Amino acid sequence: MSDSMMISTQQHENELYSYEDQNKEKESFVSQLPKTKGWLGSNSTLCLYQNFWCPPTIVPNIISFQNHFQALDQDIIIASKPKSGTTWLKALLFSIVNRANTTLANSPLLSSNPHELVPFFEFNLYTRNQKNPPLIKNIPSPRLFSTHIPYDSLPKSIIKSQSRIIYICRNPLDIIISHWHFANQADDSDHLDHCSSKWTLEEFVDAYCNGEEVYGPFWSHILGYWKQSVENPQKVMFFKYEELKKDTKTQVKRLAEFVGFPFSLEEEALGIIDDILELCSLKKLKELDVNKHGKFMPYFENKSYFRKGEVGDWVNHLNSATVERVEKLVHKKLNSSGLIL
């Protein structure tokens with residue numbers, strides 16, 4: 001065997017050992033974290049990592065992301081709690097940034113789910129302890145990413161760079177209802193034991209009010225990004241789902257300005273903004289074949305990401321006592337922040 005081959009073989013063995021060793025260390029670390037009931041059935045759990053709750057299987061991904069991601073100043077990152085309007089915002093952002101490169105009639109949104117076009121760091125990219133996910137190399141600049149991770153747990157490279165963060169929040173009452181429906185749509189065909197037990201709405205409300213919900217407590221998540229949007233508005237833009245629904249065109253123009261792709265007067269006159277709003281509407285996205293079939297992530301079919309998208313749907317599900325309980329909690333947690341949901 002040649003010297004070069006021996007060195008190559010030794011390097012491979014070292015890398016393999018390192019990979020397996022890292023896996024064992026992370027598994028041991030995760031096993032010692034505090035646990036609570038998960039949202040994918042009776043056998044699932046959430047663990048408390050850096051003061052927020054997340055699935056144990058995702059913690060190693062988050063650690064790899066935190067340790068290895070190198071942000072670029074041109075990066076644009078969507079951050080949110082689950083079920084806050086993330087899918088819609090991804091479609092809008094992708095269309096805004098890429099409108100000069102493709103016509104809306106040939107938009108990748110017509111054949112790809114928005115979550116494929118704006119991938120999650122912790123779900124899609126930093127899996128299997130990857131230091132340099134190959135998918136990242138294929139993302140053109142400006143790179144579009146997303147995450148559910150709280151601000152204080154983002155990698156230092158994001159915080160220190162000039163990359164921009166768009167945060168979208170939503171009325172917790174509507175999030176509870178949307179997330180409850182979403183959780184109970186989990187496809188258990190591949191995980192019968194894992195997803196065998198469905199949550200009741202009362203259990204979901206309790207979990208949210210106790211702060212023991214995925215990527216929660218929700219008030220800490222919201223306040224982390226809200227504080228940064230106030231202190232550093234050039235870095236973090238804070239969106240409310242309700243405002244985006246009420247006056248989508250104005251908010252989309254605001255979004256385009258923030259990410260450095262403002263609409264020209266000529267584009268407005270040509271109706272480019274209106275065309276983007278139509279393409280990215282929930283009605284249009286729900287009708288696309290790619291969003292009716294298949295799945296890009298485990299447990300959930302693509303159609304699960306497109307339900308109602310309405311503001312105030314909670315009135316059809318929650319009694320007055322529950323509403324009062326949640327609203328009192330929101331007031332207590334956000335009272336001194338200046339933020340009103």
Side-chain angles (χ1 to χ4, degrees), residues 11-36 38-40 44-82 86 90 113 115-167 191 194 214-216 220-221 224-225 228 295-300:
Q11 287 176 339
H12 175 73
E13 290 176 351
N14 289 341
E15 289 174 359
L16 183 61
Y17 175 78
S18 176
Y19 175 81
E20 293 177 347
D21 193 48
Q22 287 178 21
N23 266 348
K24 291 179 181 178
E25 288 181 0
K26 288 180 179 179
E27 288 177 4
S28 176
F29 172 73
V30 171
S31 69
Q32 298 176 50
L33 295 173
K35 302 291 192 302
T36 191
W39 58 290
L40 287 177
S44 67
T45 61
L46 295 176
C47 61
L48 188 64
Y49 173 68
Q50 295 185 344
N51 296 317
F52 68 93
W53 295 95
C54 62
T57 54
I58 301 300
V59 175
N61 301 354
I62 295 174
I63 293 173
S64 293
F65 167 47
Q66 292 172 326
N67 290 339
H68 303 297
F69 179 69
Q70 294 301 313
L72 303 177
D73 290 339
Q74 297 77 26
D75 290 345
I76 304 171
I77 301 160
I78 290 177
S80 65
K81 280 281 277 98
T86 314
K90 285 186 177 186
N113 184 280
H115 293 296
E116 296 177 271
L117 300 174
V118 186
F120 282 103
F121 286 117
E122 64 269 30
F123 297 126
N124 308 123
L125 297 174
Y126 282 88
T127 58
R128 298 182 298 278
N129 290 324
Q130 295 183 89
K131 294 182 179 180
N132 299 296
L135 287 175
I136 287 184
K137 299 178 181 178
N138 300 324
I139 299 177
S141 182
R143 302 183 302 180
L144 307 182
F145 301 110
S146 67
T147 186
H148 288 321
I149 298 171
Y151 183 85
D152 289 341
S153 291
L154 293 177
K156 292 181 180 179
S157 69
I158 292 179
I159 306 301
K160 294 181 178 180
S161 72
Q162 296 182 37
S163 59
R164 281 157 289 188
I165 299 171
I166 304 155
Y167 185 77
H191 305 272
H194 193 64
V214 66
Y215 293 98
S220 297
H221 200 287
Y225 284 97
Q228 292 302 319
K295 60 173 71 173
F296 78 98
M297 286 176 59
Y299 307 126
F300 297 98

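Because the structure is predicted, anything quoted here is derived from the model rather than measured.
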Test item: K35 side-chain N/O and T45 main-chain N/O as donor-acceptor pair under 3.5 Å: no
Q228 side chain vs G224 backbone, donor-acceptor pair below 3.5 Å: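 Not confirmed, Q228 side chain does not pair with G224 backbone.
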Of all pairs that satisfy salt bridge (Lys or Arg N to Asp or Glu O under 4.0 Å), the ones with a partner from residues 71-81, not counting sequence neighbours: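 Residue pairs passing salt bridge (Lys or Arg N to Asp or Glu O under 4.0 Å), neighbours aside: D75-R143, K81-E213.
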Nearest 0.5 Å please: distance from the [atom1] atom of [X] over to the [atom2] atom of [Y].
X: S80; Y: H221; atom1: OG; atom2: NE2; value: 7.0 Å
X: Y225; Y: I165; atom1: OH; atom2: CD1; value: 6.0 Å
X: F123; Y: I58; atom1: CZ; atom2: CD1; value: 5.0 Å
X: L154; Y: S163; atom1: CG; atom2: OG; value: 9.0 Å
X: I158; Y: S153; atom1: CD1; atom2: OG; value: 11.5 Å
X: T147; Y: I78; atom1: OG1; atom2: CD1; value: 11.0 Å

Between [Y] and [X], is there a side-chain heavy-atom distance shorter than 4.5 Å?
X: I149; Y: Y215; result: yes
X: F120; Y: H148; result: yes
X: L46; Y: C54; result: no

When the side chains of residues 134-141 are checked against the rest of the protein, which donor-acceptor pairs come out under 3.5 Å, sequence neighbours left out?
none

Evaluation steps, side-chain contact (heavy atoms from CB on, under 4.5 Å), between D152 and F52: CA-CA 10 Å; D152 289 341; F52 68 93; over 6 Å; no
Closest approach of C47 to P56 (non-hydrogen atoms, all atoms of both residues): SG-CA, 3.8 Å
Verdict with supporting geometry, Y151 and I159, side-chain contact (heavy atoms from CB on, under 4.5 Å): CA-CA 9 Å; Y151 183 85; I159 306 301; 3.3 Å; yes
side-chain contact (heavy atoms from CB on, under 4.5 Å) between S220 and N51, intermediate numbers included: CA-CA 9 Å; S220 297; N51 296 317; over 6 Å; no
Neighbour count >12 (heavy atoms, 6.0 Å) for atom CD, Q162: no
Stepwise side-chain contact (heavy atoms from CB on, under 4.5 Å) check, I76 with L144: CA-CA 5 Å; I76 304 171; L144 307 182; 3.8 Å; yes
Derivation and outcome, side-chain hydrogen bond (donor to acceptor under 3.5 Å, both in side chains), residues E27 and S31: CA-CA 6 Å; E27 288 177 4; S31 69; over 6 Å; no
Ring pair (Phe, Tyr, Trp, His ring centres under 6.0 Å) partners of F121, counting only residues at least two apart: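 Per chain and number, F121 pairs via ring pair (Phe, Tyr, Trp, His ring centres under 6.0 Å) with F65, F69, F145.
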